Amino acid sequence: MLRILITNDDGIDALGIKRLTEALLTLEGAEIYVVAPQEEKSGVGHGVTFRSALEPQEHDFYGLPVKAWAINGNPADCVKAAYHLLFEDDQKPDIVFSGINVGTNLGRDIYYSGTCSGAREAVILGIPGIALSYDNWFDQDNYGEVVEMIQPLIQEFSEKAKKGELPQQVFWNVNIPHVPQKELKGIVPASLSLNHYEDKYNKEGAGYYLVREYPEVMPLAEPYDYDLLKHGYIAITPVHIDATDRDLLKQLDEWTFIKSWGKREG
């Protein structure tokens with residue numbers, strides 16, 4: 001029996017998490033649990049709650065045959081609380097899916113995204129994690145044929161999780177274009193596009209609101225997630241949670257302030 005945990009950052013009543021659950025319910029022999037924030041938590045990154053108590057509340061989830069809880073916290077809280085509070089030691093989840101997010105999480109969005117933090121927290125706990133986002137920010141009630149488009153993807157991730165074939169310390173960031181299924185060009189590996197937008201602040205009244213300016217779509221030249229998505233591909237990026245720059249780590253031995261302390265003992 002494959003045990004699947006679903007979370008998101010748009011809140012437990014969001015349409016995207018319902019669509020993801022419907023897709024996962026098509027898997028044979030899967031036992032599905034939903035643990036998601038009580039309210040929207042977009043852009044909270046990997047924040048966790050220390051100064052107030054978490055209170056998981058059982059939640060009716062659209063009448064679907066799943067067990068669901070809403071939590072007064074962030075996506076990382078939801079995965080952490082599910083792991084430590086809601087599952088027995090011998091019944092931990094086999095895989096975590098986070099999403100489907102309203103709008104994309106591309107490039108450096110992975111550092112701000114609550115959707116990505118749900119998948120990242122799973123990996124921190126030793127469980128495979130997949131974040132899914134859909135390019136429908138300006139058409140938020142329309143999830144099109146996203147369930148059909150992600151079906152082969154979730155099937156393979158689930159099968160590999162069951163066999164223990166997914167790598168440790170990596171979560172998978174998946175971005176899906178807002179196109180009809182017949183126009184989907186493929187599912188492809190992609191690098192993070194770290195510089196595809198520019199942050200701006202717009203003044204409204206006495207305050208300022210963060211907005212982003214995106215470039216026009218250019219001819220496809222590099223396998224970056226933003227470019228591939230805008231050209232009609234599902235972009236998948238494996239993201240390692242160990243961010244150590246090992247080349248620079250070796251170079252540090254030659255830096256003056258380190259050399260002045262002498263060689264390390266041992």
Side-chain angles (χ1 to χ4, degrees), residues 2 4-30 32-34 36 40 42 61-66 68 75 95-107 109-110 113-116 118-119 128-161 166 171-190 192-193 196 214 217 220 223-238:
L2 184 71
I4 298 173
L5 173 63
I6 304 172
T7 193
N8 75 344
D9 73 351
D10 290 323
I12 196 164
D13 294 317
L15 182 56
I17 197 171
K18 178 175 183 284
R19 291 287 182 264
L20 176 57
T21 304
E22 290 170 342
L24 290 166
L25 280 169
T26 65
L27 299 179
E28 186 176 350
I32 296 178
Y33 301 83
V34 176
E40 183 183 353
S42 298
F61 194 74
Y62 297 100
L64 295 174
V66 302
I95 190 169
V96 174
F97 288 91
S98 183
I100 302 169
N101 189 64
V102 167
T104 57
N105 281 300
L106 298 158
D109 290 339
I110 66 168
S113 164
T115 303
C116 290
I130 295 91
L132 300 108
S133 303
Y134 188 50
D135 191 18
N136 66 333
W137 178 253
F138 296 104
D139 193 11
Q140 296 189 15
D141 293 328
N142 182 2
Y143 274 80
E145 297 174 281
V146 68
V147 169
E148 293 80 6
M149 288 194 289
I150 66 172
Q151 207 68 51
L153 182 151
I154 63 173
Q155 178 77 40
E156 185 154 1
F157 273 124
S158 298
E159 289 176 358
K160 287 185 180 297
L166 292 175
F171 78 88
W172 303 84
N173 191 39
V174 179
N175 284 276
I176 307 146
H178 189 22
V179 298
Q181 186 179 19
K182 65 182 180 181
E183 296 180 16
L184 182 67
K185 293 181 179 177
I187 304 175
V188 293
L192 295 175
S193 178
H196 68 277
Y214 293 86
V217 179
L220 190 58
Y224 291 126
D225 54 5
Y226 176 80
D227 300 318
L228 288 164
L229 178 93
K230 293 302 180 181
H231 281 84
Y233 295 90
I234 293 178
I236 302 182
T237 305

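No experiment lies behind these values; they were computed from the predicted model shown. Only heavy atoms go into these numbers, but all of them, side chains included; no hydrogens, no water, no symmetry mates.
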- Query: Under the side-chain hydrogen bond (donor to acceptor under 3.5 Å, both in side chains) test, which residues partner Asn136, sequence neighbours left out?
  - Reply: none
Only distances under 3.5 Å count here; give the side-chain donor-acceptor pairs of residues 144-152 to other protein atoms, sequence neighbours excluded, each with its distance to 0.1 Å.
{"residue": "Glu145", "atom": "OE1", "partner": "Gln181", "partner atom": "N", "Å": "2.8"}
{"residue": "Gln151", "atom": "NE2", "partner": "Ala23", "partner atom": "O", "Å": "3.1"}
{"residue": "Gln151", "atom": "NE2", "partner": "Thr26", "partner atom": "OG1", "Å": "2.4"}

- Item | salt bridge (Lys or Arg N to Asp or Glu O under 4.0 Å) partners for Asp10, two or more places apart | none
- Message: Main chain of Cys116, side chain of Ser98: is a donor-acceptor contact present, judged purely on distance under 3.5 Å?
- Response: no
- Message: Lys160: which residues meet the salt bridge (Lys or Arg N to Asp or Glu O under 4.0 Å) condition with it, sequence neighbours left out?
- Response: Glu156, Glu165
- Distance col, row Asn101:CG vs Ser42:OG, nearest 0.5 angstrom, shows 6.0 Å
- Partner set under side-chain hydrogen bond (donor to acceptor under 3.5 Å, both in side chains) for Asn8, not counting sequence neighbours: none
- Hey, could you give me the OG1/CG distance between Thr104 and Leu132, rounded to the nearest 0.5 Å? 13.0 Å
- Query: With sequence neighbours excluded, what pairs up with Tyr62 under the ring pair (Phe, Tyr, Trp, His ring centres under 6.0 Å) test?
  - Reply: none
- Query: Looking at CD1 of Ile6 and CZ of Phe61, how far apart are the two atoms once the value is rounded to the nearest 0.5 Å?
  - Reply: 6.5 Å
- Task: Only counting residues at least two apart or in another chain, list the ones meeting side-chain hydrogen bond (donor to acceptor under 3.5 Å, both in side chains) with Ser133.
- Result: Asn105
- State which residues pass ring pair (Phe, Tyr, Trp, His ring centres under 6.0 Å) with Phe157; sequence neighbours excluded, sorted by chain then number. Trp172
- Rounded to the nearest 0.5 Å, the OH atom of Tyr233 sits from the CG atom of Leu184 at a distance of 9.5 Å
- Task: Apply side-chain hydrogen bond (donor to acceptor under 3.5 Å, both in side chains) to Tyr33 and list each qualifying residue two or more places apart in sequence or on a separate chain.
- Result: Glu31
- Task: Check Ala131 against Ala119 and note the closest heavy-atom contact, atom names and distance.
- Result: N-CB, 3.8 Å
- Item | Interatomic spacing from CG in Leu2 to CD1 in Ile95 - rounded to 0.5 Å | 7.0 Å
- Task: Return each pair, listed once, that meets salt bridge (Lys or Arg N to Asp or Glu O under 4.0 Å) where at least one residue sits in residues 131-141; pairs must be two or more places apart or across chains.
- Result: Asp135-Lys230
- Task: Among residues two or more places apart or on two chains, list those pairs meeting ring pair (Phe, Tyr, Trp, His ring centres under 6.0 Å) that have a residue in residues 134-153.
- Result: Tyr134-Tyr143, Tyr134-His178
- Asn173 side, atom CG; Asp109 side, atom CG - distance, nearest 0.5 Å: 8.5 Å
- Message: Restricting to ring pair (Phe, Tyr, Trp, His ring centres under 6.0 Å), what partner residues turn up for Phe171, sequence neighbours left out?
- Response: none
